[in-house]
Asker: 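Got a structure here, written out as structure tokens. Questions coming.
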Amino acid sequence: MTRTIKPTRNDRVTQRLRLLGWALVAALLVTPAVAMRFTAEVQWTTSDFVFAGVILIGAGVVAELAVRASSDWSYRIGAGLAVLASVLLVWINGAVGIIGSEDNPANLLYLAVIAAVFIGAVATRFRAEGLARVMICAAVLQVLIGAVAVMRGWGEGAENWPRPVIVLSIMFALTWLASASLFHRAERALQSPD
């Protein structure tokens, strides 16, 4: 005789959030296609859709892996913030750029932040304690790139220079640090006896 296991409230919330996340990915990919039918302001090419699909579906897969890696909500939200920061960093750089325009090669330096997060996550085997340190390093690297860009004047001549670099460096650093804090909290919860 087999016994069915009733899903817990946590399982139902997780399922709904996963469904919502994938619906959001689909909506973000469909919206430009629909907008192109009604306005000439939106002009996406096939390569734009492929780029967006790879980024968004890749982020969804990483989020799915995070959900499976831990049942701790601090871990999951920390991973979600890291994925969100990575996607936004790539998206903003591809769309308008952070340092000057999107054509400024200095913007490629921000890929080092994402590479550091990925390599650090793999090196720490996705453990909360290691991920907390990795996210702190990402915040420091994010600010360091922005500071060097401002000091060297890499985006001079761009509109509102250097405000976008300063503001976005702070916002991304705070996001990385919030993720670090959540991973640290997940590690403490793992170590505390229940």
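Just the heavy atoms: all of them, side chains too, but no hydrogens, waters or symmetry mates, feed the values below.
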Asker: Between W73 and L65, is there a shared hydrophobic cluster once you connect ILVMFWY residues whose side-chain heavy atoms come closer than 4.5 Å?
Answerer: no
Asker: Using the side-chain contact (heavy atoms from CB on, under 4.5 Å) rule, take L89 and V113 through it: C-alpha gap first, then chi angles, then the decisive distance, then the call.
Answerer: CA-CA 9 Å; L89 194 54; V113 178; 4.1 Å; yes
Asker: Could you tabulate the donor-acceptor pairs under 3.5 Å formed by side-chain atoms of residues 120-147, not counting sequence neighbours?
Answerer:
residue	atom	partner	partner atom	Å
T124	OG1	G120	O	2.9
T124	OG1	A121	O	3.2
Q142	OE1	W176	NE1	3.2

Asker: Test question: given the 4.5 Å side-chain rule for I, L, V, M, F, W and Y, name all other residues clustered with V67, or answer none.
Answerer: none
Asker: Do D48 and T45 pair up side chain to side chain, a donor and an acceptor below 3.5 Å, judged on atom types alone?
Answerer: yes
Asker: Does a donor on one side chain and an acceptor on the other come within less than 3.5 Å for R18 and Q15?
Answerer: yes
Asker: I'd like to know whether CD of Q43 has more than 12 heavy-atom contacts from other residues, nucleotides or ligands below 6.0 angstrom.
Answerer: yes
Asker: Are L182 and L81 packed together at the side-chain level, in the sense that at least one heavy-atom pair is separated by less than 4.5 angstrom?
Answerer: yes
Asker: Does M36 CE have over 12 foreign heavy atoms under 6.0 Å away?
Answerer: yes
Asker: Would you check if there is a donor-acceptor pair between the side chains of T14 and R76 at a distance under 3.5 Å?
Answerer: yes
Asker: Could you give the distance from CG (L28) to CG (L24), rounded to the nearest 0.5 Å?
Answerer: 4.5 Å
Asker: With side-chain contact (heavy atoms from CB on, under 4.5 Å) as the test, pick out the partner of Y110 among N107, I114, L108.
Answerer: N107
Asker: Sub-3.5 Å donor-acceptor pair from the side chain of N160 to the main-chain atoms of R163, do we have one?
Answerer: no
Asker: In Å and rounded to the nearest 0.5 Å, what is the OG to CD distance from S74 to E187?
Answerer: 11.5 Å
Asker: Looking at CD1 of I77 and CZ of F183, how far apart are the two atoms once the value is rounded to the nearest 0.5 Å?
Answerer: 10.5 Å
Asker: Rounded to the nearest 0.5 Å, how far apart are CH2 of W22 and CD1 of I57?
Answerer: 6.5 Å
Asker: Can you name the nearest heavy-atom pair linking A27 to T31, along with the distance?
Answerer: O-OG1, 2.5 Å
Asker: Are V96 and V150 connected into the same hydrophobic cluster when the rule is that any two of I, L, V, M, F, W, Y join if their side-chain heavy atoms are below 4.5 Å apart?
Answerer: yes
Asker: Which atoms form the tightest heavy-atom contact between W154 and L109, and what is the distance?
Answerer: CZ3-CD1, 3.4 Å
Asker: Mind listing the closest non-hydrogen atom pair of I99 and G155 along with its distance?
Answerer: CG2-N, 3.8 Å
Asker: When rounded to the nearest 0.5 angstrom, what distance separates OG in S179 from CG in L84?
Answerer: 10.0 Å
Asker: Strictly distance-based, threshold 3.5 Å: is any side-chain N or O of S181 a donor or acceptor partner for the main-chain N or O of L177?
Answerer: no
Asker: Of all heavy-atom pairs between L29 and F49, which one has the smallest distance, and what is that distance?
Answerer: O-CE2, 3.5 Å
Asker: Same hydrophobic cluster for F38 and V30, using side-chain heavy-atom links shorter than 4.5 Å among ILVMFWY?
Answerer: yes
Asker: Group every Ile, Leu, Val, Met, Phe, Trp and Tyr by side-chain heavy-atom contacts under 4.5 Å, then state whether V54 and V83 land in the same group.
Answerer: no
